[in-house]
There are 2 protein chains.
Amino acid sequence: MAQPTYLTVADQLEAALINQPAGTRVESEHELARRHGVNRLTAKAALDELEQRHLVRRRRGSGTYVMHRYDYMLGSGPSPSWSETVRAGGGTPRADVVDLRRRGDTVHLRRLGYVNDDKALFKQSELAADLVPGLREALAEHGSLYDTLDRGYHLRPHRRVERAELIRPPAEVAERLELKRNTEVIAAVIRTHSDHVGREVERTRVWLRTDFFRLVVTFT
Amino acid sequence: MAQPTYLTVADQLEAALINQPAGTRVESEHELARRHGVNRLTAKAALDELEQRHLVRRRRGSGTYVMHRYDYMLGSGPSPSWSETVRAGGGTPRADVVDLRRRGDTVHLRRLGYVNDDKALFKQSELAADLVPGLREALAEHGSLYDTLDRGYHLRPHRRVERAELIRPPAEVAERLELKRNTEVIAAVIRTHSDHVGREVERTRVWLRTDFFRLVVTFT
DNA sequence: TAGTGGTCTAGACCACTGC
DNA sequence: CAGTGGTCTAGACCACTAC
């Protein structure tokens with residue numbers, strides 16, 4: 001054959017899945033193997049191939065599911081927040097506070113971002129404590145940090161990206177995002193200035209799983 | 001065991017390779033399997049793991065070799081060219097003209113970039129024909145396109161990145177870079193303005209293999 | 001030609017998930 | 001509990017590379 005069996009199976013499956021909504025169940029390794037009359041390892045190779053193409057996600061004990069990927073847009077100008085992008089693409093974003101504590105003049109905030117209830121990103125922010133009293137409650141009310149600074153504290157926030165890159169994640173991030181050993185993440189550093197009080201409000205580092213997000217950078 | 005065998009083998013091998021120069025030969029699947037008393041597929045899984053971590057490169061019929069990865073830096077300010085980065089990291093960059101033809105007012109240029117004689121990137125440029133007469137010879141003399149515009153034509157070139165992203169490559173690029181089906185590439189669009197003649201000189205699209213380069217974006 | 005990695009089979013046991 | 005994907009074995013044939 002011109003092409004290995006597992007790639008033929010993968011391509012055929014990709015064509016069948018191309019218009020399926022995210023979360024759709026894909027047939028199991030055993031079913032796929034039986035249907036194509038191949039060994040289970042060959043069927044597994046096909047599904048692993050689709051996972052590497054970021055088209056499906058595989059979970060031990062559960063199954064294989066169709067994935068959608070969202071563009072994480074960064075730019076020298078204003079760019080949409082990750083949650084806006086996810087919502088625009090038909091997904092459901094959510095963010096949970098993992099840790100929030102004050103040390104001196106700074107509030108340290110850690111949050112986990114979810115896409116359709118799957119862990120997708122981790123954010124670590126340092127905020128000027130005097131500008132954000134009662135942050136936990138304000139976050140719970142407004143959801144995104146940007147919206148909280150904007151509508152909760154009326155700070156007229158202005159985001160500025162400092163750096164973005166692909167890296168092998170630090171141990172804590174890998175653990176938090178339940179990453180396999182060999183996967184990279186998108187890492188970005190973002191500063192937010194308040195046009196209202198004329199000071200920097202916060203500095204955020206964010207790490208995003210590359211199977212949920214695709215990095216797109218634009219310069220004006 | 002707390003960890004699968006192939007990951008233990010991979011981690012042990014990674015530790016042994018961490019300070020080896022690029023191009024160093026790694027033991028074969030058969031040797032690795034014999035030395036650890038495991039099946040060849042388990043040894044293969046370990047080496048594939050290291051390949052996914054971008055630490056080695058595997059070639060059928062030849063062997064497994066230590067890889068080095070270079071940062072591809074892009075920014076709103078001036079950033080080093082890929083060849084500078086490679087040279088600074090101890091590698092040897094080279095670029096070959098694949099195709100060069102004139103259509104109307106525009107010169108279409110296609111080049112392949114090599115790192116230590118391995119195909120690593122593909123560039124496609126459109127230049128203002130009147131500004132670069134005898135381009136082929138000038139390129140052969142100066143090497144990099146930027147240097148050619150600068151020292152060959154004295155155009156005082158000024159590079160500006162327009163967009164950078166990670167994508168599944170177009171078919172032609174995948175073929176030119178000999179990519180496996182599932183790998184993404186760094187894609188960027190760069191425009192060069194001539195401060196000397198006050199016009200745009202060229203527009204380049206470049207695609208880089210992610211096993212040779214790591215995308216790093218900085219904003220000033 | 002000898003050695004490499006790529007693919008494939010037919011089994012097996014396991015950890016984990018969801019009901 | 002049944003079903004899922006993760007790992008592992010012991011084989012085999014093949015395409016390709018380097019000498």
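Throughout, a chain's letter reflects where its sequence line sits, starting with A, and its residues are numbered from 1.
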(message) Tell me every residue that passes side chain to side chain contact (heavy atoms under 4.5 Å, CB included) with B/Ala138, counting only those two or more places apart in sequence or in another chain.
(response) B/Thr148, B/Tyr153
(request) Sequence neighbours left out, what passes side chain to side chain contact (heavy atoms under 4.5 Å, CB included) with A/Ser81? Give chain and number order. (result) A/Ser83, A/Glu84
(request) Only pairs at least two apart or in different chains count here, so list each salt bridge (charged side-chain N to carboxylate O under 4.0 Å, His left out) that has a residue in residues 134-150 of chain B. (result) B/Asp147-B/Arg151
Compare side-chain N and O positions of [X] against OP1 and OP2 of [N] and report whether any pair is under 4.0 Å apart.
X       : N     : result
A/Arg59 : D/dG5 : no
A/Ser28 : D/dG3 : no
A/Thr42 : C/dT9 : yes
B/Lys44 : C/dG5 : no

Nearest whole Å is fine: how far is [N] [atom2] from [X] [atom1]?
X        : N      : atom1 : atom2 : value
A/Glu178 : C/dC16 : CD    : C1'   : 13 Å
A/Lys180 : C/dC16 : NZ    : P     : 15 Å
B/Asp48  : C/dG5  : CG    : P     : 10 Å
A/Glu51  : D/dG5  : CD    : C1'   : 10 Å

(request) Please round to 10 degrees the angle between the axis of the first five pairs and the axis of the last five pairs in the helix from C/dT1-D/dA18 to C/dG18-D/dC1. (result) 20°
(message) According to salt bridge (charged side-chain N to carboxylate O under 4.0 Å, His left out), who are the partners of B/Arg58, at least two apart in sequence or on a separate chain?
(response) B/Glu29, B/Asp48
(message) I'd like to check the salt bridge (charged side-chain N to carboxylate O under 4.0 Å, His left out) partners of B/Arg214; sequence neighbours left out, ordered by chain and number.
(response) A/Glu165, B/Asp71
(message) From the set D/dG5, C/dC8, D/dT7, return the single nucleotide nearest to any side-chain atom of A/Tyr6.
(response) C/dC8
(request) Kindly state which residues belonging to residues 29-38 of chain B come within less than 4.0 angstrom of DNA chain D, counting heavy atoms of the residue only, listed by number. (result) B/Val38
(message) Taking any heavy-atom pair under 4.0 Å as a contact, classify B/Arg57: base, sugar-phosphate, or nothing.
(response) nothing
Can you give the donor-acceptor pairs under 3.5 Å from side chains of residues 167-179 of chain A to other protein atoms, not counting sequence neighbours?
| residue | atom | partner | partner atom | Å |
| --- | --- | --- | --- | --- |
| A/Glu172 | OE2 | A/Arg110 | NE | 3.3 |
| A/Glu172 | OE2 | A/Arg176 | NH1 | 2.7 |
| A/Glu178 | OE2 | A/Lys119 | NZ | 2.7 |

(message) Using a 4.0 Å heavy-atom cut-off to protein, can you give one letter per nucleotide of nucleotides 11-16 of chain D, 5' to 3': B if the base is in contact, S if only the sugar-phosphate is, - if neither?
(response) -B--BB
(message) I'd like to know if the side chain of B/Gln3 pairs up with that of A/Arg181 as donor and acceptor (distance under 3.5 Å, no hydrogens or angles considered).
(response) yes
(message) Show every side chain to side chain donor-acceptor pair (under 3.5 Å) that has at least one partner inside residues 85-95 of chain A, sequence neighbours left out.
(response) A/Arg94-A/Asp96, A/Arg94-A/Asp117
(request) Indicate yes or no: does A/Glu51 engage A/Lys180 in a salt bridge with an N to O separation below 4.0 Å. (result) yes
(message) Applying side-chain hydrogen bond (donor to acceptor under 3.5 Å, both in side chains), can you list everything that pairs with A/Arg101, at least two apart in sequence or on another chain?
(response) A/Asp99
(message) If the condition is side-chain hydrogen bond (donor to acceptor under 3.5 Å, both in side chains), which residues does B/Arg159 pass it with, not counting sequence neighbours?
(response) none
